[in-house]
Structures are given as C-alpha cells and as structure tokens.
Participant: 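Before we start, here is the structure in question, set down as structure tokens.
Everything quoted here is computed from the prediction, not taken from an experiment. The basis for the numbers below is simple: all heavy atoms, side chains too, and nothing from hydrogens, waters or symmetry mates.
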Amino acid sequence: MEFIRVGDKLINLTKIDEYVRRIIQMRSEGMSQQEVAAKLQLDRAFISRLESLGSVRRGGRIGLMAFPVANKDELTAFADRWGIEERLILSDHERWRLVEERSGIDFFNQVMDVIEHFRQCDTVLVFCSAKWNRLAEALLDSEVIAVEIGKTPITEDIYISTAEIEEMLKPFLEN
C-alpha cells in the first residue's frame, strides 16, 4: 500500500487506484455512469470527470489493416499507443500460414469475421496492394484510407513508417 499525507488526512493511493480501475472496468462492461455511481455510492458527475480526465480521443472506431509488413511489432505498438481498436497486421509468412493451415471453409469463416470486425470501424487505414485496397473499399461500410505498398502480388514484407501513419491519422486521433 502507498500512502501520502494531505494536510491532516492520510490518503491511501492504492485504494484510489483500485477504485478508479473498478469504475473504468464497470463502464467498459456496459454499465452506465449512473449505475456505476449508484453501485459505488459516488456522484455520477465524478464518473464523467474521471472519464474525461483519462480520455485519449473521442469519436469513432479506427482500424488498421496492413500486410505483408516487415515491422509488425512496431505497427502493433503504434496501434496500442494510439488506441486503434481493430487491427490486422501480418507478415508475408503469417498471411500464407493463414491460408495453408486452414480448410477452405475455416479460412472463409475467418475472413468473414475479419470483415465483420472492420465494418464496425468508422475509419480503416489499409496498407496493402491495390487489389486488397480495392476489396477493402468495396466490403467495408466505413471511410477507407488506402495506401498501396506494392504491386499485386506482393511477395516480400514491406516496411511501413509509423510516422507517416501518424500524420495521416492526426485528424482522427486528436481531440
């Protein structure tokens, strides 16, 4: 436990951290601010201010689709850092493994799941060949920002600059 003295009060920082985490967990599970406030005997306005304090960005869901990429770990970390909810980031080896290790119907079902998840995004950034970019634009009910990273078929991993992605997404990622 971590304590700090404020005037004549001794504050338990660990308890505050646990409460904040519990509040955010309850909200992420779908409880309303009012429900959380009632359950924890707090003011609803406190819940609202707490969420505003920690808000990274407001607005719609963003997706990132990129393959085949040489810097998957870097792109994944970028997506984590910027709160990009949906992502499909694959190296050339990984995308071929998806096809080779599944039956036709299993592969088809997985592709349909991917499409369904990305259709829930308001904006999807797609870094693929022109063929896959056009397919994404046709299948997704969202704004698709397509960047061609090579001619179809791309047969090697391509490096994608996170600095360029950040510049492209600034209008969507900032409050």
Participant: CG/Asn133 to CG/Leu125 distance, rounded to the nearest 0.5 angstrom?
Facilitator: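 Spacing of CG (Asn133) from CG (Leu125) equals 9.0 Å.
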Participant: Once rounded to the nearest 0.5 Å, what's the spacing between atom CD of Gln33 and atom CG of Leu50?
Facilitator: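 Rounded to the nearest 0.5 Å, the CD-CG separation comes to 9.5 Å.
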Participant: Rounded to the nearest 0.5 Å, what's the gap from SG on Cys121 to CZ on Arg87? Could you check?
Facilitator: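 The SG atom of Cys121 sits 10.5 Å away from the CZ atom of Arg87.
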Participant: Consider only side-chain N and O atoms of Arg61 and Gln120, and report whether a donor and an acceptor are under 3.5 Å apart.
Facilitator: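 Per modelled atom types, Arg61 and Gln120 side chains form no pair under 3.5 Å.
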Participant: Could you walk me through whether Ser103 and Asp106 pass the side chain to side chain donor-acceptor pair (under 3.5 Å) check?
Facilitator: CA-CA 5 Å; Ser103 69; Asp106 288 340; 3.2 Å; yes
Participant: Quick check for you: to the nearest 0.5 Å, what is the distance between Ile11 atom CD1 and Ile16 atom CD1?
Facilitator: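 Going from CD1 on Ile11 over to CD1 on Ile16, the span is 5.5 Å.
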Participant: Are Ile84 and Leu64 packed together at the side-chain level, in the sense that at least one heavy-atom pair is separated by less than 4.5 angstrom?
Facilitator: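 Yes, at least one pair of side-chain atoms sits under 4.5 Å.
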Participant: Thr76: what forms a side chain to side chain donor-acceptor pair (under 3.5 Å) with it, not counting sequence neighbours?
Facilitator: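 If we apply the side chain to side chain donor-acceptor pair (under 3.5 Å) test to Thr76, skipping adjacent residues, there are no hits.
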Participant: What's the spacing between Ile154 CD1 and Cys128 SG if we round to 0.5 Å?
Facilitator: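 If I round to the nearest 0.5 Å, the distance is 7.0 Å.
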Participant: Ring pair (Phe, Tyr, Trp, His ring centres under 6.0 Å): which pairs involve residues 144-163, sequence neighbours left out?
Facilitator: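 Applying ring pair (Phe, Tyr, Trp, His ring centres under 6.0 Å) to every pair that reaches into residues 144-163, excluding sequence neighbours, yields nothing.
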Participant: For atom CZ of Arg49, decide whether the heavy atoms of other residues, nucleotides or ligands shown that lie under 6.0 angstrom number more than 12.
Facilitator: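 Counting neighbours around CZ of Arg49, 12 or fewer heavy atoms of other residues, nucleotides or ligands fall under 6.0 Å, so no.
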Participant: Just checking Arg5: does its CZ atom have more than 12 heavy atoms from other residues, nucleotides or ligands closer to it than 6.0 angstrom?
Facilitator: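 Enclosed.
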